[in-house]
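Throughout, numbering of the chain's residues begins at 1 and tracks the sequence.
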Amino acid sequence: MEINKEVYATVHHLIERCKDGAKGYKTASEDVEDRDLKDLFRKYAVQRDSMITELQDQLHRMGKTDSETSSLEGTIHRAWMDLKSALSSKDRKRVLEEVERGEDYAVKAYQEALNKDLPGELKPIVEQQYQDVKNAHDHIRSLRDAARDE
């Protein structure tokens, strides 16, 4: 099955966002002190890695490979750099705010992808991943809101 440029670009963009997320969560899990966040971030990092694999597998089935190079876009990169400074501040609420901001980009990328005409098997995979990303985002947000009240 031949894949058109728009579909390839869409999937590639999702892979990039998942790579950003995996990297951000990994960094956060190593540097955060709160045990519950450490475990949660580790879980989400693993989740993103498997999402990347799933998307790359879809591209492969369409006769394409994803370039292994990661092209961190300025805004995304900044969000994760802000995460580094939040982590060093040891401020739970700030860490959660920065992680949520990174997740905002992922949610947006998936929403845009679902507005495109995705072929056959790809659409349900993207829909499922969108749900996973959205759930992660909402979970992080509820933790952030709880941290505000402490």
**Q** Please tell me if the side chains of Ile52 and Asp49 come closer than 4.5 Å, counting only heavy atoms from C-beta onward.
**A**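 Heavy-atom side-chain distance check passes, below 4.5 Å.
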**Q** At their closest point, which heavy atom of Ser29 faces which heavy atom of Arg42, and how far apart are they?
**A**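 Looks like CB-N, 3.8 Å.
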**Q** Would you compute the distance between atom OG1 of Thr10 and atom CG of Leu55 and round it to the nearest 0.5 angstrom?
**A**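 Spacing of OG1 (Thr10) from CG (Leu55) equals 11.0 Å.
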**Q** Specify the closest pair of heavy atoms between Ile15 and Leu59, including all atoms of both residues, with the distance to one decimal.
**A**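 The answer is CD1-CD1, 3.8 Å.
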**Q** How would you list, by chain and number, every residue that makes a side chain to side chain contact (heavy atoms under 4.5 Å, CB included) with His139, sequence neighbours excluded?
**A**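 His139 satisfies side chain to side chain contact (heavy atoms under 4.5 Å, CB included) with Leu40, Tyr44, Ser142, Leu143 once adjacent residues are dropped.
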**Q** Grab the two heavy atoms, one from Ala22 and one from Ala45, that are nearest each other, plus how far apart they are.
**A**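 Closest heavy-atom pair between Ala22 and Ala45: O-CB, 3.9 Å.
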**Q** With sequence neighbours left out, what residues match Gln47 under side chain to side chain donor-acceptor pair (under 3.5 Å)?
**A**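 Partners of Gln47 under the side chain to side chain donor-acceptor pair (under 3.5 Å) test: none.
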**Q** Nearest 0.5 angstrom please: Arg17 CZ to His13 NE2, how far?
**A**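 Answer rounded to 0.5 Å: 4.5 Å.
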**Q** In Å, rounded to the nearest 0.5 Å, how long is the span from CD of Glu100 to CG of Asp145?
**A**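 With rounding to 0.5 Å, CD (Glu100) is 7.5 Å from CG (Asp145).
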**Q** Which residues pass the ring-ring contact (aromatic ring centres under 6.0 Å, His included) test with Phe41, sequence neighbours left out?
**A**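 ring-ring contact (aromatic ring centres under 6.0 Å, His included) check on Phe41 returns Tyr25.
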**Q** Hey, are Lys43 and Asp39 close enough for a salt bridge, meaning a charged N less than 4.0 Å from a carboxylate O?
**A**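 Salt bridge absent between Lys43 and Asp39.
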**Q** Name each donor-acceptor pair under 3.5 Å that joins a side chain in residues 119-129 to protein atoms two or more places apart or in another chain, with its distance.
**A**
| unit_1 | atom_1 | unit_2 | atom_2 | d |
| --- | --- | --- | --- | --- |
| Glu121 | OE1 | Arg61 | NH1 | 2.8 |
| Gln128 | NE2 | Asp132 | OD1 | 3.0 |
| Gln129 | OE1 | Tyr110 | OH | 2.5 |
| Gln129 | NE2 | Met51 | O | 3.2 |
| Gln129 | NE2 | Glu54 | OE1 | 2.9 |

**Q** Restricting to non-hydrogen atoms, name the atom on Ala86 and the atom on Val95 that form the minimum distance, rounded to 0.1 Å.
**A**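 Taking Ala86 first and Val95 second, the nearest heavy atoms are O-CG2, 3.6 Å.
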**Q** For Asp36, enumerate each residue passing the side chain to side chain contact (heavy atoms under 4.5 Å, CB included) test, keeping only those at least two apart in sequence or located in another chain.
**A**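 Asp34, Arg92.
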**Q** Under the salt bridge (Lys or Arg N to Asp or Glu O under 4.0 Å) test, which residues partner Lys93, sequence neighbours left out?
**A**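 Only Glu97 meet the salt bridge (Lys or Arg N to Asp or Glu O under 4.0 Å) criterion with Lys93.
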**Q** Is Arg101 salt-bridged to Asp104, cutoff N-O under 4.0 Å?
**A**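 So Arg101 does not pair with Asp104 through a salt bridge.
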**Q** Identify, with sequence neighbours excluded, every residue that meets side chain to side chain donor-acceptor pair (under 3.5 Å) alongside Lys134.
**A**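 Side chain to side chain donor-acceptor pair (under 3.5 Å) list for Lys134, sorted by chain: Asp138.
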**Q** By side chain to side chain contact (heavy atoms under 4.5 Å, CB included), which residues pair with Thr27, not counting sequence neighbours?
**A**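 For Thr27, the residues satisfying side chain to side chain contact (heavy atoms under 4.5 Å, CB included) (neighbours in sequence not counted) are Asp31, Lys84, Leu87.
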**Q** Drop me the distance from His12's NE2 to Lys5's NZ, to the nearest 0.5 angstrom.
**A**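 One gets 14.5 Å once the value is rounded to the nearest 0.5 Å.
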**Q** Residues two or more places apart in sequence or in another chain: which of them pass side chain to side chain donor-acceptor pair (under 3.5 Å) with Asn135?
**A**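 Counting only residues at least two positions away or on another chain, Asn135 forms no side chain to side chain donor-acceptor pair (under 3.5 Å).
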**Q** Going by side chain to side chain contact (heavy atoms under 4.5 Å, CB included), name the residues that satisfy it together with Ser50, two or more places apart in sequence or in a different chain.
**A**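 Ser50: no side chain to side chain contact (heavy atoms under 4.5 Å, CB included) contacts found.
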**Q** Under 4.5 Å between side-chain heavy atoms, hopping through other hydrophobics if needed: is there a path connecting Leu114 to Met62?
**A**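 The answer is yes; both residues are in one hydrophobic cluster.
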**Q** For the residue pair Arg48 and Ala136, what are the closest heavy atoms and their distance?
**A**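 In terms of heavy atoms, the two residues are closest at NH2-CB, 3.5 Å.
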**Q** Which pairs, with at least one residue in residues 107-120 and sequence neighbours excluded, count as a salt bridge (Lys or Arg N to Asp or Glu O under 4.0 Å)?
**A**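 Listed once each, the pairs are Lys108-Glu112.
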**Q** For Glu30, check side chain to side chain donor-acceptor pair (under 3.5 Å) against everything at least two apart and list the hits.
**A**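 Residues passing side chain to side chain donor-acceptor pair (under 3.5 Å) with Glu30: none at all.
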